[in-house]
A.B. asks: 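To start, I am sharing the structure in question, which I have written as structure tokens.
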Amino acid sequence: MKKKHSLTLLALGLMLSLNANAAFINGSFETPRFTPGTADWTLYSDSTEGIGWKTTATDHQIELWSDNFQGVAAYDGAQFAELNANQVSTLYQDVAGIAANSILDFHFAHRGRLGADTMQLDIVDLGADNLFGGGDDTTLFSNQYSDDNTAWGFYTSDGLAPIVALGNTLRFSYISIAAAGGNPAVGNFIDAADFGVGVNDPSPVPVPAAFWLFGSALAGLGVFGKRRTA
Ligand SMILES: [Ca+2]
Ligand SMILES: [Ca+2]
Ligand SMILES: [Ca+2]
């Protein structure tokens with residue numbers, strides 16, 4: 001029993017350290033999954049477990065749409081996000097653990113809602129304090145993207161000048177710049193985002209498979225418990 005508990009603790013420790021290293025998550029906005037198979041939309045707090053993203057909106061709301069709601073197909077998977085939830089806002093993630101001099105890659109899809117919408121992607125090294133601001137931040141990349149409401153635009157770092165990490169925590173931000181219609185709660189759909197070292201490489205290690213293997217290992221260690229039958 002004691003041995004099993006220590007194995008369980010070891011496995012949980014591994015899981016926590018994996019989480020600490022898990023850089024960029026939920027880039028395709030598939031979590032939390034809501035109303036499967038139904039075209040709908042919903043709002044989640046940016047403190048929702050597993051959502052990954054933070055917002056600059058003062059109400060902390062992140063707006064997710066499911067595939068084909070109001071006739072808009074997801075670019076990838078079954079869900080996507082609207083940058084303008086209730087306010088003109090920015091969705092971002094802070095990524096730690098990328099070594100200095102690493103070359104950073106990204107990709108994402110963007111689409112207008114009522115017409116041509118414009119967003120900006122910023123990649124910022126947060127400096128020695130690893131916090132946004134404080135006078136030590138360095139903008140490594142900044143560019144604006146405009147897309148209308150007839151098709152998704154898909155963008156990658158391929159072919160751009162290399163974006164070189166400085167070794168501190170990085171903030172990857174989608175900033176709503178302008179949206180057709182002038183309603184602050186409307187505009188700038190995003191989907192299929194990824195960011196990190198080698199994310200655009202032709203044969204990346206499939207993360208879901210790695211997690212499946214890890215899950216199997218946990219199951220083998222009895223972490224998920226066993227249901228006893230009478
Ligand atoms: Ca998606
Ligand atoms: Ca909205
Ligand atoms: Ca800083």
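First listed ligand is number 1; within each ligand, the first listed atom is number 1.
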A.B. asks: Near the Ca ion (ligand 2), is there an N/O/S atom from N84 that is less than 3.0 Å away?
C.D. replies: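 Coordinating: yes.
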A.B. asks: How wide is the angle at the Ca ion (ligand 1) between O in Q79 and O in D76, to the nearest 10°?
C.D. replies: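 It is 110°, given to the nearest 10°.
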A.B. asks: With side chains defined as the heavy atoms from C-beta onward, is the minimum distance between D105 and T156 less than 4.5 Å?
C.D. replies: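 Side chain of D105 against side chain of T156, heavy atoms only: no contact under 4.5 Å found.
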A.B. asks: On a heavy-atom basis, which atom in A74 and which in W152 lie closest, and how many Å separate them?
C.D. replies: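 Closest heavy-atom pair between A74 and W152: C-NE1, 4.0 Å.
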A.B. asks: Indicate whether any N or O donor in one side chain lies under 3.5 Å from an N or O acceptor in the other, for N168 and D125.
C.D. replies: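 Yes, side-chain donor-acceptor contact under 3.5 Å.
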A.B. asks: Is the closest side-chain donor-acceptor distance between S28 and D191 under 3.5 Å?
C.D. replies: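 A pair is found: one side chain offers a donor N or O, the other an acceptor, under 3.5 Å apart.
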A.B. asks: What angle, in degrees and rounded to 10°, do you get at the Ca ion (ligand 1) when you join it to OG of S28 and to OD1 of D191?
C.D. replies: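 Reported to 10°, the angle equals 80°.
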A.B. asks: Have S142 and Q120 got a donor and an acceptor in their side chains that come within less than 3.5 Å?
C.D. replies: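 Side-chain D/A pair, S142 to Q120: present.
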A.B. asks: Measure the shortest side-chain to side-chain distance between L83 and D117 over non-hydrogen atoms and say whether it is less than 4.5 angstrom.
C.D. replies: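 SC-SC contact between L83 and D117 ruled out.
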A.B. asks: Give me the ring orientation class for W65 and F80: parallel if the planes are under 30° apart, tilted from 30 to 60°, perpendicular past 60°.
C.D. replies: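 Rings of W65 and F80: tilted, as their planes differ by 30° to 60°.
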A.B. asks: Before we go on, tell me: are the rings of Y145 and F108 under 6.0 Å apart, centre to centre?
C.D. replies: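 Yes, ring centres under 6.0 Å apart.
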A.B. asks: Looking at E30, which of its N, O or S atoms is the nearest one to the Ca ion (ligand 1)?
C.D. replies: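 For E30, the N, O or S atom at the smallest distance from the Ca ion (ligand 1) is OE2.
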A.B. asks: So which N/O/S atom does E82 have closest to the Ca ion (ligand 2)?
C.D. replies: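 Answer by atom name: OE1.
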A.B. asks: In D129, what N, O or S atom is nearest to the Ca ion (ligand 3), if we give its atom name?
C.D. replies: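 The closest N, O or S atom of D129 to the Ca ion (ligand 3) is OD1.
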A.B. asks: Measure from the ring center of F195 to the ring center of F106 and say whether it is less than 6.0 Å.
C.D. replies: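 Ring-ring flag for F195/F106: false, centres at least 6.0 Å apart.
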A.B. asks: Could you tell me whether any N, O or S atom belonging to A85 is less than 3.0 Å from the Ca ion (ligand 2)?
C.D. replies: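 Of the N, O and S atoms in A85, at least one lies under 3.0 Å from the Ca ion (ligand 2), which means yes.
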A.B. asks: Hey, what's the angle at the Ca ion (ligand 2) spanning OE1 (E63) and O (A185), nearest 10 degrees?
C.D. replies: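 Vertex the Ca ion (ligand 2), arms to OE1 of E63 and O of A185: 170°.
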A.B. asks: Please determine if the Ca ion (ligand 2) has an N/O/S atom from G187 lying under 3.0 Å away.
C.D. replies: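 Given the 3.0 Å cut-off, G187 does not count as a ligand of the Ca ion (ligand 2).
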A.B. asks: Any idea which N/O/S atom from D137 gets closest to the Ca ion (ligand 3)?
C.D. replies: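 The closest N, O or S atom of D137 to the Ca ion (ligand 3) is OD1.
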A.B. asks: Is the Ca ion (ligand 3) under 3.0 Å from any N, O or S atom of L126?
C.D. replies: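 Here the distance criterion (N, O or S atom, under 3.0 Å) is met by L126, so yes.
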A.B. asks: Strictly under 3.0 Å, is the Ca ion (ligand 3) approached by any N, O or S atom of G133?
C.D. replies: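 So G133 does bind the Ca ion (ligand 3) by this criterion.
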A.B. asks: N/O/S atom of L131 under 3.0 Å from the Ca ion (ligand 3), yes or no?
C.D. replies: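 Short answer: yes, at least one N, O or S atom is under the cut-off.
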A.B. asks: Restricting to N, O or S atoms of D136, which is nearest to the Ca ion (ligand 3)?
C.D. replies: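 The closest N, O or S atom of D136 to the Ca ion (ligand 3) is OD1.
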